[in-house]
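No experiment lies behind these values; they were computed from the predicted model shown. All chains are named by letter (A, B, ...) in the order of the sequence lines, taking the proteins before the strands, and each is independently numbered beginning at 1.
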There are 2 protein chains.
Amino acid sequence: MGRKAELSTEVIAAAASRLFQSRGFANTSLQDVAEAVGIPKGNFYYHFRTKDDIVRAVVEHRLGALDAELAALEKGSRDPGKRLVRFVQAMLTHPDAPFALGCPHGSLGLELAKARPDLLSAARPALERLRAWFAEQFRLAGASAGPDRLAMHLLARVQGLLLMAATFRDESFNRRELRELQKWIASQC
Amino acid sequence: MGRKAELSTEVIAAAASRLFQSRGFANTSLQDVAEAVGIPKGNFYYHFRTKDDIVRAVVEHRLGALDAELAALEKGSRDPGKRLVRFVQAMLTHPDAPFALGCPHGSLGLELAKARPDLLSAARPALERLRAWFAEQFRLAGASAGPDRLAMHLLARVQGLLLMAATFRDESFNRRELRELQKWIASQC
DNA sequence: GTCTATAATTCGATAGAC
DNA sequence: GTCTATCGAATTATAGAC
């Protein structure tokens, strides 16, 4: 079945994912990751060949976490429009703290677009997973406009809301904008 | 009048501003800045005490550039609603290439919110200048909703659009979303 | 004021013992 | 497989000649 080192590699990816979200990719050293997992930093290179490789592992780990969260939303509600509303609502209490640090997938994409365009494609799958799930909910809801366009629009609104929340830290703006976004979702479903 | 070192300091800030936008703060070394200006990197510390200090100088430089751009928009159009429409249109050809690299002010804020929360407040003035100008245009246009809320909403939409543009590089999405944003502006003025 | 030289630290990555 | 030890390069920052 699985590779022998799978567990350790997955543990490292999970720790790196948290560190990338709270400090960014460039500001996370292998030392930081190694300390978070409790291994010497030299041992890191048994699991990964370079620091760049960890980005791919992090995104793969995030895809797994995302699948679980989206599956829970699908199980929790029959109405696809309500699922979307609950998704954006869940951001408020999400362990990744996107209102304080931005969307983990969007902020990683933006950082890589600037500093490491060669790695940008590695960060995109998580955002595309979100986009595809949004589109499916809109399609199931029988939205009037094209579900793909609505999905991209919603993703952009989410990214903008979370970037503003992280930089301005204005609670009343966060609440108001979140409510308006939920109203927009309902109006499209 | 001005300080003796004002010109060199301003030149450094301008170069650092461009590098922060294209590579990010953490990925821009003092060596990069020194090379861009054509001075030895040791000479940097005659103008700035630390690397952190350059963030404040960069934002101050950006405020000046922003003032000039907004003044040109005010001069070019009497209708405040049209000014807002032209502002978002101008992003397409802006030298900062926000569609490829994100909004320089928003992406700097997001990076600092993650990696250097102690420096976040230094990055905010540029975003707040934009917000204030948006609000003034909405107020002048006699918008029905509160101009401050409309301004924050517009800023969030812009940030979301540019983050998505930088990470997805989907030209048709960029055009469509830009057009929708302009339609929203017109509907509020 | 402007330059060279370099200190002090940290980084990603490697070598090799066990 | 897991550890220690360390390399070479890059980083921020300082010292001091001119």
TODO: Whole angstrom is fine here: how far is it from NZ in B/K41 over to P in D/dA9?
DONE: 14 Å
Open item on the list: Measuring from atom CG of A/L154 to atom CG of A/L181, what distance do you get when rounded to the nearest 0.5 angstrom?
Closed with: 5.5 Å
Open item on the list: Within this structure, what is the CZ-CG distance for the pair A/R124 and A/L112, rounded to the nearest 0.5 Å?
Closed with: 10.5 Å
Open item on the list: OP1 or OP2 of C/dC3 versus the side-chain N and O atoms of B/N43: is any pair under 4.0 Å?
Closed with: yes
Open item on the list: Does anything in residues 16-40 of chain B come within less than 4.0 Å of DNA chain C? Heavy atoms only, and list the residues if so.
Closed with: B/P40
Open item on the list: Rounded to whole Å, how long is the line connecting atom CG of A/D53 with atom P of C/dG12?
Closed with: 13 Å
Open item on the list: Is there a side-chain contact between B/Y45 and the phosphate of D/dT14, meaning an N or O under 4.0 Å from OP1 or OP2?
Closed with: no
Task: B/R49 CZ - D/dT12 C1' separation (whole Å) - done: 13 Å
Task: Charged N-O contact under 4.0 Å between B/D148 and B/R139 - done: no
- [ ] Would you please indicate yes or no on a ring centroid separation below 6.0 angstrom for B/F44 and B/F48?
- [x] yes
Open item on the list: Rounded to whole Å, how long is the line connecting atom CG of B/D52 with atom C1' of D/dT12?
Closed with: 10 Å
Open item on the list: If I take atom OG1 from residue A/T9 and atom CD from residue A/E60, how far apart are they, to the nearest 0.5 angstrom?
Closed with: 10.5 Å
Task: Phosphate contact (D/dT2 OP1 or OP2) by A/Y46 side-chain N/O below 4.0 Å - done: no
- [ ] Please report, rounded to the nearest Å, how far the P atom of C/dA15 is from the CZ atom of A/F44.
- [x] 17 Å
Open item on the list: Under a 3.5 Å threshold, yes or no: a donor from one side chain and an acceptor from the other, between A/K114 and B/S22?
Closed with: no
